[in-house]
Structures are given as C-alpha cells and as structure tokens.
Undergrad: 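Below are the structure tokens for one structure; questions will follow.
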Amino acid sequence: MERLSRVYPWRRTHYSNEITPEMDGEKVVLAGWVKDIRDLGGIKFLLLRDKEGFIQITIPRDEVSEDIIKLSEDLQRQDCISVRGKVRRMAKAPRGVEVIPESIIVLNRAKQPLPIDITGKTPADIDVRLDVRVLDLARDEPQAIFRIRHTALEAIREFLSKNGFIEVHTPKIIATATEGGASLFPVIYFEREAFLAQSPQLYKEQLVIDFEKVYEISPAFRAEKSHTRRHLAEFVSVDIEMAFAVAEDVMEVAERLLQHVCRVVSEKCKRELEILKHKIIVPEVPFKRITYDEIINELREAGVKINWGEDVPTPAFRILGKLHPYFYFIVDWPTNLKPFYIKPRDDKPEISESFDLMWHWIEIASGGTRIHDKELLIKRMKEQNLNPESFKYHLQAFEFGMPPHAGWGIGLERLIMVLTGIRNIREVVLFPRDRFRLVP
RNA sequence: GCCCUGGUAGUAUAGUCAGGCCUAGUAUAGGCGGCUGUCGCCCGCCUGACCCGGGUUCAAAUCCCGGCCAGGGCGCCA
C-alpha cells in the first residue's frame, strides 16, 4: 500500500504481470497503453499493455463512478493511461484476474484511426509497418522478436565473457578499406574523406597482441546494392579474435556459442516463441564439417556444375540447405575466394584455413586462421590488388610480436532470424537501413 | 547494376487475363446507436479508395507508353 504515491497520482505500483488472483482486493496503480477495447454496453473491457505484458481492466457500469464511465467512453486504442483500481479475482478474466478502476488518468491520446492495426488482426505490409515503426513495435510479434534479440545478446556476452574474451569497441569511422574499397560508405571527416567500417577485422586482429581474446558487438556498414530478405546496409556484427589459435579452435567456440544461445533463448523465451509460432532446436556439437571439395561434388550430383575455385552462387546454396538442414561448416575454401588476411595452408597454399558457418542455405558466420607473418600478408595484399602502403598502421602491428591467431564474425540479425523463424531480416532490426530505406 | 512481380478507402484484399453488368465488392479500423463477462465479442446505420502523366477506344480500375513507389530475386556478402 505504501507504493501508492501522493505526489504523482499516475505513478505505478505494479507491472501487469505482477497482478495475480491472490492480490484480490488490493489497490494498485498501473500505467501503459490501451491495446484493445471491447464494449458490451453495461460492461467494458480494456486491455492495458505495459512493458511486461497486459492486464484486463474491467468497467462494469454499476460498479464504477460516473466519472469513470464518462472518461472510458472516449478511450481509444494506444491512448497512454494510468489506472488506479482494485484487483479482483475473476475466473472469466484472462489469467484469472482483472482490475476494477477507481480512477483513470489519460496521460496522452493517440490519433485515430491508427495507421496500422496494433492488435495484429488486420495485417499490414512490411513497408507500411516500417514507416510507422514505433507503433508497429507495440504489437506482440515485434515485442517477441526484440525480447529474443535481447536475450540472445545477453547469452552471447555471458558466454564469451565466461570463456575469457574481453569486449572491445573499435572505430567505425576509418581511413582505409578493410578488404577493398567497393562496398564502403564514404563520409566527410572534417576536411578529409573517411569511410564507415565494414568490419572490425583489422583492429580486432591487432588487439590480440594486447588482450589475446577479444570480442566486439557493433554495427558494420556495407554499401552493397543488395536487395534481398537477408541483406542490410547497417547490421550488427558479432566478432571474435583469439591469439594462439587456429580455425578449428574458433570453430569450436562458434558452435558452442550457438548451442548456448539456442538453449538459453529456448528456455527463457517460451512465451515469445509461442507468439512467433517458432521452435528452436538446440543443436548437437560438433557441427558437421564439410569441405569445399565435398560441396562441389554434392552440387555436381544435384546437377549444378561449379569449377574448382569458383564461388558458390546463391541458388546452389539453396540446394545445399536442403541437403544439410541445420547448422554446418563449409571448410577448406580455395584461397582465392577469401580475403587477404586468411591464412593459406602450409602444405597446399591454394586452399585456405577458412570456414563459413551455414544455417540451411544462409551464411551465418565466416572466419578462419589469420596470417600472422608480415611478409606473407603483404604478398597476399598485392595478389588481391591492394596497396600495402594504405595498410601501414595495420602492418606495423605485425612488427610488434603478432601471435598466431584466428577468429570469426557472426551476422547478429541472421542469427536472430534463425532464433525467431522470421524470414525478412528487416523485421529483426528496430529501424532497418537497406538500399532504399533511410528513414525513419 | 540487372531481372521478375505489383501499386484499389487508415489497413488488408476482390475486381484487371477475356474494357461496358463497377454508381468499385468484402473484412478490419474510424463515426453514430444498441447490448452486463468479453477475450478476433456481437448487431444495425454511416464515412472512406482505382499511384501520377500521356495514349488507344463510343467506353479504361481493367489495354499500351513513360514516370514514381514498393516487394522479391541475381551478382556480392554477415
């Protein structure tokens, strides 16, 4: 009772999920948004949404004051209100409990009619929803998606931290390209030209000298003109880099991490997964490891011819997704298909110590053993028509005792697609940026 | 950059192929009225739309051309 405030009459005492049938008779103050209204004449039902869920506010004509009746006539979906009232055990109410209001304060009204249906009964196209994203995010489905995203991030940080990785943040405004200049966004940096980072790759490699095991969760920017359900111009990359390690070591980190995240999300987000009608299968480790050569053979048997050294086109990945319907690694990629910093095998330089982590046909992560020898790195830069001069600050790290190291980067949004069953990557970003969308 | 598909009330759709029967149907939202246990409440009444420009035709939501916007795909990638 001492939770009731005299100063701010709208200040809440409980969240919706804290109201239980056992609280029958207790006075509470709730705050939130009107999710839906069902007016039966002599009795009216409001669904009040707050950050924890919703609670039914019941307004029986003969049990509440004339003021409440009058005020409730004007209430509309998405109005922001505070309700002071009495908890009532009621078998017929959702969760067996409801609140009978003694006073209602309208804190703000929503403009009617709303541009989309927040109850989700009448669906709206993604483009329409993204234009009014703040309103769209009030719906159950986006709420579930972003709770899962939060839980997944929490699990990732917990796992990496427990495994001895330190979280770092490297610059997003950079002077030179990581892997070539084609897909960078230029920005004006005072009187110079700079770029938005497409990856923390070079910085995280340098940092293994000082911290050995680092991870970074931060945005990456790609100016590629892709327009698909799995591409964004701005996405969050989960990157690790590990000293005294080779590809196989960081593959183990990746598969154990994914197993951990799947387990945590499936345990903590049962309600959210129910809303999304999605089930998470916690994968067994180790994941399948399939070589590039084996992939080529599998595709040949499926009728798709790929010459050795050619990249795998998307339609071919779709075939592979049918053959390997969960997580799997594709390893031993031809060196020429990988960035300059990936280490060629000592015995067979045409093959690299690299891997892609796949989920069905979608690439979730890629990584490998890195080159830690400066001269070899320069040689590989030249082979890829990059100018070592523009990487001189990166190269100097290789003069300061660069250890053997390996790492990977996971596309967070693609992982969230896996965890939620959502098929369009824009749905799992609050305010997505793609080739055509820059607002809101 | 290329390819495919689409644009009808606030939202989602029917109608477009086979032009006229469309004064454009339905659902939901919104307005008004009724209803005391709803949980996609229900019932009645009302408001509200053919993306823009040009062309073909007696006649265009419907066919043609251009533009704009959107969705999906390819290449590339997380």
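Letters go in sequence order (proteins before strands), and every chain restarts at 1.
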Undergrad: Where the side chain of A/M90 is concerned, which of B/G71, B/C77, B/G37 is the nearest nucleotide?
TA: B/G37
Undergrad: Under 3.5 Å, side chain of A/K213 to main-chain N/O of A/N163, donor-acceptor pair present?
TA: yes
Undergrad: Starting at CZ of A/F317 and ending at P of B/C74, how long is that distance when rounded to a whole Å?
TA: 12 Å
Undergrad: Contact class for A/T119 (heavy atom, under 4.0 Å): base, sugar-phosphate, or nothing?
TA: nothing
Undergrad: Establish whether the base of B/G37 is bridged to the side chain of A/E98 by a donor-acceptor pair shorter than 3.5 Å.
TA: yes
Undergrad: Look through every strand shown and name the nucleotide pairing with B/C2 as Watson-Crick or G-U wobble, where both distances are under 3.5 Å.
TA: B/G73
Undergrad: Between the base of B/C77 and the side chain of A/S226, is one N or O donor paired with an acceptor at under 3.5 angstrom?
TA: no
Undergrad: With both distances under 3.5 angstrom, what nucleotide forms a Watson-Crick or G-U wobble pair with B/G20?
TA: B/C58
Undergrad: Is A/R230 touching bases, backbone alone, or none of the nucleic acid, heavy atoms closer than 4.0 Å?
TA: base
Undergrad: Looking only at the side chain of A/R77 (C-beta and beyond, no hydrogens), which of the listed nucleotides B/G31, B/A29, B/C77 gets closest?
TA: B/A29
Undergrad: So if I take every side-chain heavy atom of A/N424 and compare against B/A70, B/G72, B/A29, which nucleotide ends up nearest?
TA: B/G72
Undergrad: Contact class for A/D356 (heavy atom, under 4.0 Å): base, sugar-phosphate, or nothing?
TA: nothing
Undergrad: Which nucleotide sits closest to the side chain of A/T228: B/C74, B/C77, B/G30?
TA: B/C74
Undergrad: Touch check for A/A93, heavy atoms < 4.0 angstrom, all strands: base, sugar-phosphate only, or nothing?
TA: base
Undergrad: Spell out yes or no: do the side chain of A/T314 and the base of B/G73 have one donor N/O and one acceptor N/O closer than 3.5 Å?
TA: no
Undergrad: Taking A/D131 first and then A/R437, would you say they form a salt bridge - that is, a charged N and a carboxylate O separated by under 4.0 Å?
TA: yes
Undergrad: Closer to the 5' end of RNA chain B via nearest nucleotide, is it A/Q112 or A/F436?
TA: A/Q112
Undergrad: Under 4.0 Å between any heavy atoms, over every strand shown, what does A/D62 touch: base, sugar-phosphate, or nothing? Just pick one.
TA: base
Undergrad: Would you say B/G73 has OP1 or OP2 under 4.0 Å from some side-chain N or O of A/R229?
TA: yes
Undergrad: Side chain of A/H231 only, heavy atoms from C-beta on: which candidate in B/U36, B/C77, B/G75 is closest?
TA: B/C77
Undergrad: Test your reading of the model: is there a side-chain donor-acceptor pair from A/S82 to the backbone of A/L30, 3.5 Å cut-off?
TA: yes
Undergrad: Going by purine N1 to pyrimidine N3 plus the second Watson-Crick contact, or the G-U wobble pair, all under 3.5 Å, which nucleotide sits opposite B/C41?
TA: none
Undergrad: Which residue pairs pass the salt bridge (Lys or Arg N to Asp or Glu O under 4.0 Å) test with at least one member in residues 56-70 of chain A, sequence neighbours excluded?
TA: A/E63-A/R88
Undergrad: OP1, OP2 of B/G30 versus side-chain N and O of A/Q76: anything below 4.0 Å?
TA: yes
Undergrad: Which base, if any, makes a Watson-Crick or G-U wobble pair with B/G10, both distances under 3.5 Å?
TA: B/U28
Undergrad: Return the value, rounded to whole Å, for the distance between atom CG of A/L130 and atom C1' of B/G71.
TA: 12 Å
Undergrad: Using a cut-off of 4.0 Å on non-hydrogen atoms, how would the nucleic acid contact of A/L232 be classed: base, sugar-phosphate, or nothing?
TA: base
Undergrad: Rounded off to whole Å, could you give me the CE-to-P distance for the A/M358 and B/C77 pair?
TA: 13 Å
Undergrad: Consider the side chain of A/K121, meaning its heavy atoms from C-beta on, and name the nucleotide among B/G40, B/A78, B/U36 that approaches it most closely.
TA: B/G40
Undergrad: Just compare B/C39, B/A78, B/G75 and give me whichever is closest to any side-chain atom of A/P94.
TA: B/C39
Undergrad: Counting only N and O atoms by type, is there a donor-acceptor contact under 3.5 Å from the side chain of A/D249 to the main-chain atoms of A/V246?
TA: yes
Undergrad: Do A/R88 and B/G37 share a donor-acceptor pair, side chain to base, under 3.5 Å?
TA: yes
Undergrad: Hey, is A/E274 close enough to A/R271 for a salt bridge, meaning N to O under 4.0 Å?
TA: no
Undergrad: Checking contacts here: which listed nucleotide (B/A78, B/G75, B/C41) is nearest the side-chain heavy atoms of A/D36?
TA: B/C41
Undergrad: B/A70 P sits how many Å from A/R435 CZ, rounded?
TA: 11 Å
Undergrad: Rounding to an integer number of Å, can you tell me how far A/L75 CG sits from B/A29 C1'?
TA: 17 Å
Undergrad: Of all heavy-atom pairs between A/S72 and A/I59, which one has the smallest distance, and what is that distance?
TA: CB-CD1, 3.7 Å
Undergrad: Base, sugar-phosphate alone, or nothing: which one does A/E413 contact when heavy atoms must sit under 4.0 Å apart?
TA: nothing
Undergrad: How many Å lie between CZ on A/R109 and P on B/G30, as a whole number?
TA: 14 Å
Undergrad: Produce the list of close N/O pairs, under 3.5 Å, pairing protein atoms with atoms of nucleotides 11-14 of chain B; give distances to one decimal.
TA:
{"unit_1": "B/U11", "atom_1": "O4'", "unit_2": "A/P115", "atom_2": "O", "d": "3.4"}
{"unit_1": "B/U11", "atom_1": "O2'", "unit_2": "A/P123", "atom_2": "O", "d": "3.0"}
{"unit_1": "B/A12", "atom_1": "OP1", "unit_2": "A/D125", "atom_2": "N", "d": "2.7"}
{"unit_1": "B/A12", "atom_1": "OP1", "unit_2": "A/D125", "atom_2": "OD2", "d": "3.4"}
{"unit_1": "B/A12", "atom_1": "O4'", "unit_2": "A/P123", "atom_2": "O", "d": "3.1"}

Undergrad: In the strands shown, is B/G48 matched to any nucleotide by a Watson-Crick or G-U wobble pair with both distances under 3.5 Å, and which?
TA: none
Undergrad: Take the angle between the ring planes of A/Y215 and A/F165 and call it parallel below 30°, perpendicular above 60°, tilted in between.
TA: perpendicular
Undergrad: What are the two closest non-hydrogen atoms of A/S199 and A/Q201, and how far apart are they?
TA: OG-N, 2.9 Å
Undergrad: Would you state whether a donor and an acceptor, one from the side chain of A/R61 and one from the base of B/C35, lie under 3.5 Å apart?
TA: no
Undergrad: How many Å lie between CG on A/D39 and C1' on B/G31, as a whole number?
TA: 14 Å
Undergrad: Quick check: A/F355 with A/F329 (ring centres under 6.0 Å apart)?
TA: yes
Undergrad: What is the distance, rounded to the nearest whole Å, between atom NZ of A/K338 and atom P of B/C76?
TA: 12 Å
